[in-house]
Number of protein chains: 2
Amino acid sequence: MTGRTRGEQTKAAIIDAALALFTERGFDATTMRAIAESAGVSLGNAYYYFRSKDELVQGFYDRTAVEHGERLPEVLDGLDGLADRLTAHLDLWFELMAPQHPFAVGFFRNAADPASPLSPFSAASAPARTAAIELMERVVEDAAPPVPATVRAQLPEVLWLYHMGVVLFWVHDRSVEQAATRLLVRRTAPMIERVVALADLPALQATIVDLTTLLADLKAMAG
Amino acid sequence: MTGRTRGEQTKAAIIDAALALFTERGFDATTMRAIAESAGVSLGNAYYYFRSKDELVQGFYDRTAVEHGERLPEVLDGLDGLADRLTAHLDLWFELMAPQHPFAVGFFRNAADPASPLSPFSAASAPARTAAIELMERVVEDAAPPVPATVRAQLPEVLWLYHMGVVLFWVHDRSVEQAATRLLVRRTAPMIERVVALADLPALQATIVDLTTLLADLKAMAG
DNA sequence: CTCCTTTGTTGAACGTGTTCAAGTTGAACA
DNA sequence: TGTTCAACTTGAACACGTTCAACAAAGGAG
């Protein structure tokens with residue numbers, strides 16, 4: 001975690017201090033002054049590396065995303081069915097994020113603001129978004145039986161949207177160890193696999209085209 | 001808007017001032033001090049009537065919900081198809097909320113916090129939630145052709161969830177006059193009608209049961 | 001009338017996130 | 001070596017949401 005340059009070390013120290021305090025006291029109860037003091041750094045210095053308190057959480061979220069990408073192959077190994085692979089992917093996410101669930105709200109509250117750079121749809125988070133969709137691509141590409149060509153191109157992005165929806169649910173989930181979210185995934189992933197498997201049915205072509213063009217139109221308007 | 005007692009008048013003055021300033025400058029750029037000054041009242045007095053800045057916005061939302069319920073029959077009048085009725089219902093919501101869209105983000109940001117009483121899923125907003133589902137019941141009950149009995153009971157609540165999803169999209173929608181959200185509804189409402197019409201198909205029974213029990217299980221865990 | 005309670009009102013003060021002008025450090029270069 | 005300059009660091013200061021002890025007005029009860 002210790003970077004080469006002085007700046008990288010300071011930055012890591014701030015993230016570490018913030019993560020520890022967030023976990024210990026929660027997001028709102030942790031002040032920027034406490035983070036700076038705990039990191040052995042001045043208040044202003046914390047703002048040199050992170051433009052806001054929220055961006056601090058983004059830094060740690062990025063860390064988790066990297067670890068997610070690194071460990072994904074190992075949890076996908078040996079799994080063929082799309083539902084199994086999707087479930088394993090999300091379970092890994094839950095596992096990595098579980099310690100941060102108590103203060104995740106403080107993060108996602110601002111992520112829900114479309115004007116915020118933390119919004120998953122914002123231009124600022126485009127790299128993180130692309131990386132996340134890339135992970136879904138890995139979930140999809142080696143699935144067996146293979147995903148019908150009809151929906152193959154759109155599927156990773158659609159599954160990423162599904163992921164975002166699950167995250168929204170997870171944030172609101174107050175059941176023990178977020179069991180409700182796990183249940184949601186365990187039940188809906190097979191449904192997705194079932195629907196995807198039917199994508200070549202002639203009867204569904206109209207609906208698939210409808211959905212595809214709708215997505216394209218909406219993305220065009222969102223520009 | 002002028003109430004009988006002194007307190008009611010002051011309260012109304014504060015709401016009016018806040019609404020004007022929010023609309024003019026947006027939520028974040030409007031300070032409580034500016035609201036108080038504009039209402040001809042001291043800062044502390046604003047907090048005598050509203051426990052927080054957010055609670056001030058909740059007032060508008062409640063007002064709008066009441067108006068929505070009052071005007072719903074008139075926009076549903078003469079419409080039979082479920083898609084048409086659903087679209088009319090949501091269009092009315094858009095019409096009523098349009099003036100507040102610029103600062104709606106400031107409101108919904110906190111509504112996205114499940115711990116906040118403003119969250120649509122919180123216990124504190126249970127009355128508002130029940131009222132909103134009740135409106136969906138009115139959308140469903142007189143639809144022709146009638147909704148299959150298989151899904152009739154669950155449909156209003158499911159449509160309310162759909163409504164919440166649309167609201168989430170609407171908040172993020174930066175297209176002119178939220179045209180993208182209208183497009184989304186115009187395209188998805190017919191899909192919903194189509195799926196609902198197929199609810200009695202034997203091939204779909206398993207999936208419908210799956211979804212129904214999933215919803216029930218999740219609600220039980222959320223308890 | 002006086003007293004008491006409820007309701008309404010005030011502005012100073014607190015703690016917070018954030019900004020900024022001013023300073024320090026250290027490595028590359030002359 | 002001395003110079004330069006970008007990277008880094010500082011703490012005071014600002015504006016905001018919110019709290020609070022104190023005060024004023026209104027309206028009965030005696």
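Note on naming: letters A, B, ... go to the chains in the order of the sequence lines (proteins, then strands), and numbering restarts at 1 for each one.
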Integer-rounded Å distance: [N] [atom2] and [X] [atom1]:
X       : N      : atom1 : atom2 : result
B:Met32 : C:dT10 : CE    : P     : 14 Å
A:Leu43 : D:dT9  : CG    : C1'   : 12 Å
A:Ile14 : D:dC8  : CD1   : P     : 11 Å
B:Glu37 : C:dG11 : CD    : P     : 12 Å
B:Arg33 : C:dG11 : CZ    : P     : 13 Å
B:Asp28 : D:dA15 : CG    : C1'   : 13 Å
B:Glu8  : C:dG8  : CD    : P     : 9 Å
B:Ile35 : D:dC16 : CD1   : P     : 12 Å

Problem - Six-ring centre of B:Phe22, B:Lys53 cation under 6.0 angstrom, axis tolerance 45° - result: no
Side-chain donor or acceptor of [X] paired with backbone N/O of [Y] under 3.5 Å:
X        : Y        : value
A:Arg25  : A:Thr31  : no
B:His101 : B:Trp170 : yes
B:Arg85  : B:Val139 : yes
B:Thr188 : B:Leu184 : yes
B:Ser175 : A:Met221 : no

Handout entry: Crowding at CD, B:Gln154 (>12 non-hydrogen neighbours, <6.0 Å)
Key = yes
Practice task
Answer yes or no: does atom CZ of A:Arg71 have more than 12 heavy-atom neighbours from other residues, nucleotides or ligands under 6.0 Å?
Solution key: yes
Practice task
Determine the contact category for B:Ser42: base if any of its heavy atoms lies under 4.0 Å from a base atom, sugar-phosphate if only primed atoms, P, OP1 or OP2 are that close, otherwise nothing.
Solution key: base
What protein N or O atoms touch nucleotides 21-26 of chain D N or O atoms at under 3.5 angstrom, if any, and at what distances?
none

Handout entry: From C:dT16, D:dC16, C:dT18, nucleotide with atom closest to A:Thr31 side chain
Key = C:dT16
Practice task
Side-chain contact test, heavy atoms from C-beta onward, threshold under 4.5 Å: evaluate it for B:Met97 versus B:Thr64 and give yes or no.
Solution key: yes
What's touching nucleotides 20-23 of chain C from the protein side, N or O pairs under 3.5 Å?
none

Handout entry: B:Asp173 and B:Arg182 ion-paired at < 4.0 Å
Key = no
Handout entry: Side-chain H-bond candidate by donor/acceptor type, A:Tyr48 with A:Thr10, under 3.5 Å
Key = no
OP1 or OP2 of [N] versus the side-chain N and O atoms of [X]: is any pair under 4.0 Å?
X       : N     : value
B:Thr10 : C:dT9 : yes
B:Tyr48 : C:dG8 : yes
A:Tyr49 : D:dA7 : no

Practice task
Five pairs at each end of the helix from C:dC1-D:dG30 to C:dA30-D:dT1: take the axis at both ends and give me the angle between them to 10°.
Solution key: 20°
Exercise for the section: Could you label the plane-to-plane angle of the A:His163 and A:His89 rings as parallel, tilted or perpendicular, counting under 30° as parallel and over 60° as perpendicular? Expected result: perpendicular
